[in-house]
K.L.:
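Supplied in structure tokens, the structure appears directly below.
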2 protein chains.
Amino acid sequence: MHQPEHLKNAGLKSTVPRLKVLSLFESGQERHMSAEDVYKLLLASGDDVGLATVYRVLTQFEQAGLLVRHYFEGGKSVFELNQGKHHDHIVCLQCGRVEEFYDTAIEARQEKVAADRGFSIRDHALHIYADCTKKQCPHKV
Amino acid sequence: MHQPEHLKNAGLKSTVPRLKVLSLFESGQERHMSAEDVYKLLLASGDDVGLATVYRVLTQFEQAGLLVRHYFEGGKSVFELNQGKHHDHIVCLQCGRVEEFYDTAIEARQEKVAADRGFSIRDHALHIYADCTKKQCPHKV
DNA sequence: ATCGCAAATGAGAACGATTATCATTTGCAT
DNA sequence: ATGCAAATGATAATCGTTCTCATTTGCGAT
Ligand SMILES: [Mn+2]
Ligand SMILES: [Mn+2]
Ligand SMILES: [Zn+2]
Ligand SMILES: [Zn+2]
């Protein structure tokens with residue numbers, strides 16, 4: 001096991017709830033999860049962690065740089081493991097599937113747009129909402 | 001006055017609250033406003049409209065295509081007059097100022113990214129969060 | 001102008017996501 | 001094993017938004 005190290009390095013002491021949340025993300029079974037998603041998946045697997053703790057831990061992990069938070073439409077934040085490389089998202093309006101992409105041209109153009117207007121970019125979010133045209137889309141999971 | 005026509009054309013009957021909300025947006029004093037912003041500005045100008053009505057009217061105007069809704073970070077939706085041409089936003093993290101832009105290259109690249117992955121775009125939102133480097137930024141209004 | 005009535009309004013309750021409170025438990029350095 | 005700051009979890013509180021429902025209003029037909 002190496003999770004305890006991750007937490008230590010992040011300056012967080014290694015507690016049971018934190019280890020459970022972290023390994024859920026590291027399990028890879030679901031890459032983008034809301035607090036509610038995490039809470040329910042943990043309950044389902046027999047590990048019960050308080051909902052308040054889930055929220056707290058997700059925020060701490062975000063601050064520690066272990067997770068990245070996204071604000072998609074629909075109100076609830078979604079988290080994913082921080083794998084170091086920035087990327088943007090396409091969300092399927094039919095099935096909710098989230099696909100990741102990174103486009104150098106778009107990234108470069110954003111810098112130019114900002115610079116031209118006297119801004120220095122801190123962060124950005126590009127969310128494309130679309131319909132899968134492929135059969136892989138279960139249209140309403 | 002031409003607001004009543006706008007409402008008629010949108011299939012909405014011309015009521016006092018709807019006219020007040022519409023003319024607030026048309027006054028141009030503030031381009032991007034949340035429901036709370038609208039509610040408070042109307043109260044401040046002596047026109048009292050119920051908060052529930054403000055929410056209802058904003059949603060109806062959005063559906064009618066009179067307003068466009070944006071989901072910036074921070075939870076609350078923001079509305080602006082629909083001037084027909086799509087654009088994206090740069091938000092200053094210091095003063096909250098919102099600047100608009102439209103970049104053909106970015107728009108085109110998004111289409112390509114989506115098409116390459118078998119998606120057909122319905123909508124998208126590109127939010128750049130940045131700091132104004134110019135003096136015009138009041139750094140905390 | 002008056003009527004009639006469906007549509008709209010507004011006060012307040014309800015809601016869903018998130019945060020705050022605080023008594024109890026736990027990790028961990030000694 | 002002990003002590004204690006830090007973390008947890010049940011619950012209350014908060015925030016933005018939507019719902020409910022009794023009252024009011026816009027407006028087409030008289
Ligand atoms: Mn992602
Ligand atoms: Mn705008
Ligand atoms: Zn799909
Ligand atoms: Zn600024």
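Please read all numbers here as calculations on a predicted model, not as lab measurements. In what follows, every chain begins at residue 1, and chains take the letters A, B, ... in the order their sequences are listed.
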K.L.:
Using the side-chain heavy atoms of Ala52(A), tell me which of these nucleotides is nearest: dC27(D), dT17(D), dA20(C).
P.N.:
dA20(C)
K.L.:
Using a cut-off of strictly less than 4.0 Å, decide whether Tyr55(A) has a side-chain nitrogen or oxygen near OP1 or OP2 of dT18(C).
P.N.:
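Answer yes for this pair, as a side-chain N or O of Tyr55(A) is under 4.0 Å from OP1 or OP2.
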K.L.:
Considering only dA7(D), dG26(D), dT17(D), which nucleotide approaches the side chain of Val16(B) most closely?
P.N.:
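Of dA7(D), dG26(D), dT17(D), dG26(D) is nearest to the side chain of Val16(B).
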K.L.:
With a cut-off of less than 4.0 Å, is there a side-chain N or O of Thr15(A) near OP1 or OP2 of dT8(D)?
P.N.:
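Checking Thr15(A) against dT8(D): at least one side-chain N or O falls below 4.0 Å of OP1 or OP2.
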K.L.:
Provide, to the nearest angstrom, the distance between the NZ atom belonging to Lys8(B) and the P atom belonging to dA7(C).
P.N.:
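That distance rounds to 15 Å.
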K.L.:
Which part of the nucleic acid, if any, lies within contact of Ser34(B), taking any heavy atom under 4.0 Å across all strands shown: a base, the sugar-phosphate backbone alone, or nothing?
P.N.:
nothing
K.L.:
Side chains of Phe61(A) and Val21(A): closer than 4.5 Å at any heavy-atom pair?
P.N.:
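Phe61(A) vs Val21(A): side chains touch.
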K.L.:
Centre-to-centre under 6.0 Å for His87(B) and Phe101(B), is that the case here?
P.N.:
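Distance test on ring centres: not under 6.0 Å, no.
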K.L.:
Taking for each residue the nucleotide of DNA chain D with the nearest heavy atom, is it Val78(B) or Lys13(A) whose nucleotide lies nearer the 5' end?
P.N.:
Lys13(A)
K.L.:
Report the distance from atom OH of Tyr39(A) to atom OG1 of Thr53(A), rounding to the nearest 0.5 Å.
P.N.:
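Taking OH in Tyr39(A) and OG1 in Thr53(A), the distance rounds to 10.0 Å.
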K.L.:
Write down the distance between CG (Asp48(B)) and P (dT9(C)), rounded to a whole number of angstrom.
P.N.:
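Rounded to the whole Å, the gap is 14 Å.
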K.L.:
Is any side-chain N or O of Thr53(B) closer than 4.0 Å to OP1 or OP2 of dA8(C)?
P.N.:
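For dA8(C), neither OP1 nor OP2 has a side-chain N or O of Thr53(B) closer than 4.0 Å.
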K.L.:
How long is the span from the CG atom in Asp103(A) to the CG atom in Asp88(A), to the nearest 0.5 Å?
P.N.:
9.0 Å
K.L.:
In this structure, is the centre-to-centre distance between the rings of His127(A) and His124(B) below 6.0 Å?
P.N.:
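Ring-ring flag for His124(B)/His127(A): false, centres at least 6.0 Å apart.
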K.L.:
Figure out the CG/P separation between Leu51(B) and dA14(C), and round it to whole Å.
P.N.:
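Answer to the nearest Å: 17 Å.
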K.L.:
Less than 4.5 Å apart, side chain to side chain, heavy atoms only: is that true for Arg69(A) and Val78(A)?
P.N.:
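Not in contact.
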K.L.:
Which whole-number value in Å describes the distance from Leu12(A) CG to dC28(C) P?
P.N.:
11 Å
K.L.:
What is the distance, to the nearest angstrom, from the CG atom on Asp47(B) to the C1' atom on dG10(C)?
P.N.:
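Atom CG in Asp47(B) sits about 15 Å away from atom C1' in dG10(C).
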K.L.:
Roughly, in whole Å, what's the span from OH in Tyr39(A) to C1' in dT19(C)?
P.N.:
16 Å
K.L.:
In whole Å, I'd like the distance from the CG atom of Asp37(B) to the C1' atom of dC15(D).
P.N.:
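Answer to the nearest Å: 15 Å.
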K.L.:
What nucleotide among dT9(C), dC27(D), dA6(D) has an atom nearest to a side-chain atom of Pro17(B)?
P.N.:
dT9(C)
K.L.:
Using only side-chain N and O atoms of Lys76(B), determine if any of them is under 4.0 Å from OP1 or OP2 of dG16(D).
P.N.:
yes
K.L.:
Pull out every residue in residues 56-75 of chain B that has a heavy atom closer than 4.0 Å to any atom of DNA chain D, ordered by number, or say none.
P.N.:
Arg56(B)
K.L.:
Please report the C-alpha distance between Arg97(A) and Glu99(A) in whole Å, then the side-chain angles of each, then the deciding distance to 0.1 Å, and finally whether the salt bridge (Lys or Arg N to Asp or Glu O under 4.0 Å) criterion is met.
P.N.:
CA-CA 7 Å; Arg97(A) 193 157 55 87; Glu99(A) 202 153 311; 2.8 Å; yes
